[in-house]
Amino acid sequence: MNEELRMKRAARFAGHEEEDFALRPAHVQAENFSVFYGDFEAVRNINCAFPEGLVTAMIGPSGCGKSTLLRAINRMNDLIPGCRAGGKMVFDDEDIYRRDIDVVLLRMRVGMVFQKPNVFPKSIYDNVAYGPRLQGIKNRSQLDELVESSLKQAALWDEVKDRLPANALGLSGGQQQRLCLARALAVKPEILLMDEPTSALDPKATTKIEDLIAELRGKYTIIIVTHNMQQAARVSDLTAFMYEGVLVEFGRTRQMFTKPKEQQTEDYITGRFG
Ligand SMILES: Nc1ncnc2c1ncn2[C@@H]1O[C@H](COP(=O)(O)OP(=O)(O)OP(=O)(O)O)[C@@H](O)[C@H]1O
Ligand SMILES: [Mg+2]
């Protein structure tokens, strides 16, 4: 996304109070959307909108379809044999499952951070420069600038600025996860998908990632899967509760955690199952 559009979005966002959430335009929207693994319908007829600039948490018991739905938003499920989608996933007025969609471009616009940091066995610098190089950026000073700004955004710059040529595998788990975030940010995505990004991290590294999410809020549309209720409550504006492939409840986080509408949601967040 170009900087001008990003600034416009951020400015519009700054003017919005919590009460206006429902008025915010959808950035990506599922319409009668399903995902099948063979005959098994793992995600069932979902209808929901993820508003731009907000943080949405996806919660629900193991196997309920959170990762499947998340991966559907940048067509990562395409890589799984036998997996197919039904219905629409509309991103900026286009169904991303249309045949003529450029999936490589889509994945640049919709970045992803996984549960386990998946750094490339390359230098710290090359990890961050990877996406921009794929985008055709060759100019060294432009790359340097992108690497620096992305690492700063991911709050990793100070720790690695003197060792950019070192292998990324030599970083700690928490540092590797922030490197993955920097790598995702380097291609200037519009949406950031995060699948349990802190489940492999200690509390201190977890806090760092949560602080980052708070800083990125407004500039990016963020969808985060988490098993940690406190985390969902801390970082998100909206929460989606899924159960057995169905989207049971979707609403403001504060309301969901204090006055859920559905009994199943209440049972889950109070720890009665899952
Ligand atoms: N590659 C696959 N092939 C077949 N079935 C799959 C595949 N991946 C996931 N599933 C099934 O789809 C359902 C949803 O899985 P998914 O990984 O989306 O759940 P999840 O909510 O992310 O769970 P967890 O919290 O454990 O990560 C499960 O029943 C799972 O077994
Ligand atoms: Mg999962």
Side-chain angles (χ1 to χ4, degrees), residues 28-48 50 55-89 91 96-97 103 106-107 110-118 173 176-177 180-181 184 191-201 205-206 209-210 213 221-236 238-251 253 256-257 260 262 264-274:
V28 64
Q29 186 162 351
E31 295 178 14
N32 301 322
F33 186 78
S34 304
V35 182
F36 299 83
Y37 295 107
D39 293 333
F40 174 64
E41 192 174 12
V43 164
R44 302 179 187 189
N45 202 39
I46 303 263
N47 286 286
C48 71
F50 300 95
V55 180
T56 302
M58 267 197 228
I59 61 169
S62 183
C64 72
K66 303 178 296 296
S67 297
T68 302
L69 179 58
L70 195 75
R71 287 196 303 263
I73 301 172
N74 65 354
R75 286 187 52 175
M76 268 322 194
N77 291 327
D78 287 15
L79 309 172
I80 302 171
C83 186
R84 67 184 171 85
K88 285 185 183 173
M89 183 67 75
F91 171 39
I96 63 166
Y97 282 87
V103 179
L106 172 71
R107 293 192 188 132
V110 185
M112 189 153 188
V113 174
F114 299 86
Q115 180 169 7
K116 288 203 195 101
N118 59 339
Q176 288 191 19
Q177 194 60 308
C180 291
L181 186 57
I191 297 182
L192 210 48
L193 309 174
M194 303 175 123
D195 197 350
E196 302 189 48
T198 64
S199 65
L201 305 183
T206 296
I209 298 282
E210 289 184 7
I213 293 172
T221 300
I222 299 177
I223 307 172
I224 175 174
V225 170
T226 178
H227 275 280
N228 180 329
M229 299 299 138
Q230 284 80 23
Q231 177 165 77
R234 278 192 301 265
V235 303
S236 71
L238 300 167
T239 296
F241 170 62
M242 289 179 72
Y243 186 69
E244 293 183 348
V246 174
L247 180 64
V248 174
E249 191 167 346
F250 187 86
T253 297
M256 291 257 298
F257 280 87
E262 304 294 331
Q264 274 177 329
T265 315
E266 178 160 349
D267 289 350
Y268 182 69
I269 59 180
T270 53
R272 248 170 275 170
F273 70 92

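Remember, it's 1-based here, ligands and their atoms both numbered in the order they're listed.
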So, do [X] and [Y] sit near enough that their side-chain heavy atoms are less than 4.5 Å apart?
| X | Y | answer |
| --- | --- | --- |
| Met89 | Ile73 | yes |
| Asn47 | Asn32 | yes |
| Ile269 | Ile59 | yes |

Put together the list of close N/O pairs, under 3.5 Å, between ligand 1 and the protein, could you?
from, atom 1, to, atom 2, distance (Å)
ligand 1, 8 (N), Tyr37, OH, 3.4
ligand 1, 18 (O), Thr68, N, 2.9
ligand 1, 18 (O), Thr68, OG1, 2.5
ligand 1, 19 (O), Gly65, N, 3.3
ligand 1, 21 (O), Cys64, N, 3.2
ligand 1, 21 (O), Gly65, N, 3.0
ligand 1, 21 (O), Lys66, N, 3.0
ligand 1, 21 (O), Lys66, NZ, 2.8
ligand 1, 22 (O), Ser67, N, 3.0
ligand 1, 22 (O), Ser67, OG, 2.8
ligand 1, 23 (O), Gly63, N, 2.8
ligand 1, 25 (O), Lys66, NZ, 2.8
ligand 1, 25 (O), His227, NE2, 2.6
ligand 1, 26 (O), Ser62, OG, 2.5

- Does the side chain of Asn77 pick up a donor-acceptor pair with the side chain of Arg71 at under 3.5 Å?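 The criterion, which ignores hydrogens and geometry beyond distance, is satisfied for Arg71 and Asn77.
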Exercise. Under 2.8 Å from the Mg ion (ligand 2), which protein N/O/S atoms are there?
Worked result: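 The answer, once waters are left aside, is Ser67 OG.
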Over 60° means perpendicular and under 30° means parallel, so classify the ring planes of Tyr97 and Phe33, tilted if in between.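 Tilted, since the angle between the ring planes falls between 30° and 60°.
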| message | Would the distance check show the side chain of Glu262 and the main-chain N or O of Val248 forming a donor-acceptor pair, the cut-off being under 3.5 Å? | response |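 Side chain of Glu262 to backbone of Val248: no pair is present.
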Would the distance check show the side chain of Lys66 and the main-chain N or O of Met242 forming a donor-acceptor pair, the cut-off being under 3.5 Å?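 No, because the side chain of Lys66 does not come within donor-acceptor range (under 3.5 Å) of the backbone of Met242.
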| Looking only at heavy atoms, which two atoms of Glu196 and Thr226 are closest? And how far apart? |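 Taking Glu196 first and Thr226 second, the nearest heavy atoms are CG-CA, 4.4 Å.
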Hey, would you say the Tyr268 and Phe241 ring centroids sit under 6.0 Å apart?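 Yes - the distance between ring centres of Tyr268 and Phe241 falls below the 6.0 Å cut-off.
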